[in-house]
Structure formats: structure tokens, C-alpha cells
Amino acid sequence: QTRQSTSPGVAMHALLSLVVLAALALPTMGGLYGPSSAVVDLNMKNFKDVLMSDKVWLVEFYAPWCGHCKNLVSHWENVAASQKGILNVGAVNCDDQANQPICGQYGIKGFPTIKLFPGTYKVKANKQIEKNPIDYNGARTAAAIAKFGLSHLTSHVTVVGKKNEEAFFKSELTKVLLFTDKPKTSDLYKALSCDFKGRLALGEVRKSEADLVERFGVTKFPTLLVVKGEERTVYSGKLQHKAIHDFLSQHAPAKDTPETETHTNTDAAPEKKKPTNFEVKQITDQAGFDEACASVLCIVAFLETDPETGKPADNYMDALTQAQAKFPRQYQVVWVDGPAHVKFMDALNVNTGFPGAVMLSMKKKLFAPFTSSFSPKGLSSFMDSLLRGGGRIFPVDAIPALE
């Protein structure tokens with residue numbers, strides 16, 4: 001089913017209006033890094049991951065409207081992707097009111113501000129986490145930032161030789177030995193030693209330690225093996241963080257998390273946890289529409305229902321559920337019976353047939369038509385693009401009623 005499209009004059013007027021309205025409306029919708037980014041979007045709920053980590057975190061404090069912050073995005077993304085598993089890379093949107101306690105605690109006054117949080121922390125008597133960040137004042141390039149982060153890597157690797165091999169093997173932990181012809185411990189192995197701190201004993205044997213090399217039957221370098229008593233398991237996969245991490249995880253006990261209070265301000269009460277609701281709501285009337293969409297960005301899907309069950313196709317509902325789960329705070333996803341609300345669709349120029357969808361902002365009187373494939377990937381890309389300030393967004397004099 002298709003309907004007549006918008007006239008060229010109306011479309012041109014909408015596009016001209018978009019320049020001003022989108023610039024005013026969208027910066028408050030989201031930050032510079034979307035869900036598909038390798039950069040972790042940090043906030044009050046997950047900033048504890050930075051404070052309680054045994055690994056280095058590079059954290060950018062930014063504002064979406066800041067020109068220097070926008071220029072940094074490609075470099076920050078590059079560091080996050082190229083050093084994945086070695087360095088943790090995150091960003092805090094200080095323009096988000098909910099994040100201001102974090103930005104205030106660390107004295108953020110200009111954007112972007114980059115701080116390195118080292119891989120060591122203390123849990124004080126009052127269960128507060130103490131970690132002292134280091135300011136970065138170098139060049140804002142991927143290479144310079146990565147070099148700075150790697151220079152602060154913590155290592156829990158023991159270089160094993162004749163003098164200390166007896167002490168190393170006395171450890172109750174399962175041992176991991178890397179036989180190498182390199183003179184220095186690699187960044188990858190340092191990072192792995194942080195991943196498995198207190199769970200595995202990671203050792204490194206240089207090629208020059210002929211006795212140990214011969215005892216373990218090593219004939220090529222590098223060779224990585226796990227030692228449990230007399231049992232030895234040789235790693236044969238790729239020398240990449242994820243692959244090795246997955247292998248070592250099979251031999252390591254679960255990680256213990258210390259009991260802590262992780263809110264950022266010692267004078268403030270911990271934030272009460274709210275249950276996450278990934279429900280995709282069906283809207284049948286104006287009252288339900290107002291309740292669901294009055295104060296948040298809404299993704300409204302128009303679906304056909306099965307005459308016998310009265311329900312939409314499972315694959316369409318699965319796509320909507322996955323989209324809602326990916327953006328639980330930024331959007332409310334709802335669906336309506338499309339054929340029963342054709343006038344509503346016409347008023348918003350949703351002329352793609354069924355299934356169709358549109359983003360609505362009742363508060364700002366804006367809408368954005370969805371024109372991609374109706375799939376988890378298509379919906380997520382559409383929603384992510386809008387949060388980043390992209391997509392085709394149009395003003396309306398009034399949001400039409402759902403009759």
C-alpha cells in the first residue's frame with residue numbers, strides 16, 4: 001500500500017526550516033559517540049567501571065556543541081578501535097545534566113578535557129573508591145594519545161628465570177607462560193595480565209633461558225601455554241587480545257568484585273536503580289499516545305496485523321524490541337495498527353507502505369521518516385543517526401491526533 005508523496009514546494013520549505021530547527025533541537029538529544037562506537041559512553045551508572053578497573057582508561061570529557069570536541073572524534077574513535085582490549089577508551093557528555101556530578105567532581109572547565117585513569121585503585125574504609133587521574137596535555141592526535149595511554153600500562157607479568165622460577169611455580173594460581181624472543185613485555189601481554197590479575201599467574205620466559213625452554217619442549221617463539229600441575233595446554237590461535245582472552249578465560253576462576261560504594265560524590269546519596277524496561281508498547285488511542293510519547297522521543301511503527309491473531313509478524317516485533325533495548329533511555333518505541341490509522345500516516349507523509357516508521361518529538365514538534373529496511377540494523381542505524389544530528393528531520397505545525 002502506497003500513498004501520494006509530499007509536493008516539491010512543501011518538501012523544499014521543510015528542508016529550509018530544517019537547517020535552523022535541527023541545529024536548535026538536536027544537540028540536546030545525544031552525544032558524539034553512538035552505540036556502535038568502540039568508545040564507551042560513560043555516565044553516572046557505569047563510571048564505576050572506570051574507577052574499579054585494573055586497566056588503564058582514557059576518558060574524554062566533552063560537550064556536543066564544542067568544535068574542538070567534534071574535531072577530536074575521529075582520533076578518539078581511532079584510539080578506541082586500534083587499542084581495543086589494551087586500553088579502555090570512554091567519553092563523558094558533560095552537556096548531559098545527569099553527568100554533571102562526574103564532570104564537577106573532576107573539575108572540568110573546558111572541552112575537550114582528557115584524563116587518564118590508571119589501572120590501580122584503593123577501596124577506603126568507608127568503601128569509597130580512590131583513583132587519581134592524570135591530565136593529558138599533548139597533541140590531540142590518535143598516535144600521540146595512544147602513546148600516552150600505553151606508557152601508563154600496568155604490568156603484572158613475572159619474568160621467569162633460574163633465580164625465581166621456584167617461587168613462581170609455588171603460586172596456587174594456574175600458571176600461564178609466554179616463551180618469547182623479545183627483550184620487553186608486549187603491551188598485549190601487559191593488558192592480559194591486568195585482565196586476569198589475581199586469577200592467573202602470568203609469566204614470561206626469554207629465549208635465553210635455555211633450561212626452561214628445553215624443559216617445556218618449546219621449539220618456536222612466541223609460544224603461549226597454560227600450566228596446571230603436570231597438564232600443559234598450548235595456545236594455537238591468533239595473537240590478538242580477544243582470542244587469547246577467550247582462551248585464558250577457560251582456565252581462570254570468576255573475578256571477585258570488591259564491595260564498594262560507587263557514587264561519585266561522597267556527600268550525595270547513591271542513585272536508586274530503576275528497572276530497565278524494553279517493552280515495545282502498542283498504541284490504540286490518543287490517550288495512550290500522549291502517555292507514551294509526550295516527554296520523550298518516540299519511534300512509531302506502523303504495522304499490519306494478522307487477521308486471526310490480531311498481532312504483527314514476529315520478525316517486525318523482534319526488530320522493534322531489539323531497537324528499544326539498544327536505546328532504552330533515548331527513545332520509547334511504540335507500534336500502531338497501520339491500516340486503521342492511515343490518516344495519521346498521511347499527515348506525517350509516511351508513504352512507504354507497511355511496515356513503516358517515523359520518529360516523533362511531540363515536545364519540539366519534529367518528525368523524521370524512516371526509509372531504510374525494517375530490521376534491527378536498519379532501525380538502530382536510523383535512531384543512532386538522529387542522536388548524532390543526522391537524518392532528515394522536518395517541523396510540523398502540530399502533531400496529528402491518533403483517531
Side-chain angles (χ1 to χ4, degrees), residues 1-30 34 64 280-304 312 316 319-320 323-324 326-376 378-403:
Q1 180 176 346
T2 58
R3 286 170 294 284
Q4 185 176 355
S5 61
T6 308
S7 67
V10 173
M12 179 59 69
H13 173 73
L15 286 171
L16 291 173
S17 301
L18 168 63
V19 176
V20 175
L21 289 173
L24 292 174
L26 284 178
T28 60
M29 289 185 181
V280 175
K281 300 178 180 179
Q282 180 184 7
I283 303 300
T284 57
D285 54 30
Q286 186 62 39
F289 183 48
D290 290 341
E291 181 181 354
C293 300
S295 60
V296 296
L297 295 176
C298 248
I299 299 297
V300 184
F302 302 95
L303 306 177
E304 289 182 301
Y316 295 149
L320 293 175
Q324 179 68 90
K326 196 163 188 178
F327 300 92
R329 294 186 301 153
Q330 297 95 329
Y331 293 97
Q332 173 62 59
V333 179
V334 302
W335 71 275
V336 300
D337 185 333
H341 297 92
V342 173
K343 289 183 179 179
F344 185 81
M345 296 177 68
D346 283 338
L348 295 172
N349 298 304
V350 181
N351 51 22
T352 57
F354 305 111
V358 65
M359 182 282 289
L360 284 178
S361 172
M362 295 180 71
K363 186 181 295 186
K364 298 181 183 292
K365 295 183 180 179
L366 296 170
F367 78 96
F370 172 70
T371 57
S372 186
S373 63
F374 203 97
S375 64
L379 287 165
S380 294
S381 296
F382 170 66
M383 295 158 77
D384 186 25
S385 176
L386 292 175
L387 291 176
R388 287 172 174 265
R392 296 183 301 131
I393 302 172
F394 303 96
V396 288
D397 294 332
I399 300 295
L402 188 71
E403 300 174 350

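Just the heavy atoms: all of them, side chains too, but no hydrogens, waters or symmetry mates, feed the values below.
- When the side-chain hydrogen bond (donor to acceptor under 3.5 Å, both in side chains) test is applied to Ser373, the partners found at least two apart in sequence or on another chain are Ser375.
- With rounding to the nearest 0.5 Å, the separation of CD1 in Ile283 from CD in Gln332 is 7.5 Å.
- When all heavy atoms of Phe354 and Pro339 are compared, the closest pair comes out as CZ-N, 3.5 Å.
- The side chain to side chain contact (heavy atoms under 4.5 Å, CB included) test applied to Ser381 returns Lys377, not counting sequence neighbours.
- Residue Leu297 holds its CG atom at 14.5 Å from CZ of Phe367, rounded to the nearest 0.5 Å.
- Rounded to the nearest 0.5 Å, atoms CE (Met359) and CZ (Phe394) are 11.0 Å apart.
- Judged as a side-chain hydrogen bond (donor to acceptor under 3.5 Å, both in side chains), and not counting sequence neighbours, the contacts of Gln286 are Asp290.
- Taking CD from Gln330 and CG from Asp384, the interatomic distance works out to 9.0 Å, rounded to the nearest 0.5 Å.
- Rounding to the nearest 0.5 Å gives a distance of 4.0 Å between CZ of Phe374 and CG of Leu320.
- Pro400 meets the side chain to side chain contact (heavy atoms under 4.5 Å, CB included) test with Phe344, Ala347, Leu348; sequence neighbours excluded.
- Atom CG of Leu379 sits about 10.5 Å away from atom NZ of Lys326, to the nearest 0.5 Å.
- Nearest heavy atom pair, residue Phe370 against residue Gly378, reads CE1-O, 3.5 Å.
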Item to complete: Apply side chain to side chain contact (heavy atoms under 4.5 Å, CB included) to Phe289 and Met362, showing your working.
Response: CA-CA 10 Å; Phe289 183 48; Met362 295 180 71; 4.1 Å; yes
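- At distances below 3.5 Å, at least one donor-acceptor pair connects side-chain atoms of Tyr331 with backbone N or O atoms of Met383.
- Residues forming a side-chain hydrogen bond (donor to acceptor under 3.5 Å, both in side chains) with Ser372 (at least two apart in sequence, or on another chain): none.
- Using modelled atom types, no side-chain atom of Gln324 and backbone atom of Val280 make a donor-acceptor pair closer than 3.5 Å.
- The heavy-atom pair separating Ile399 from Leu366 by the smallest distance is CD1-O, 4.5 Å.
- Of all non-hydrogen atoms in Val296 and Ala292, the two that sit nearest each other are CG2-O, 3.5 Å.
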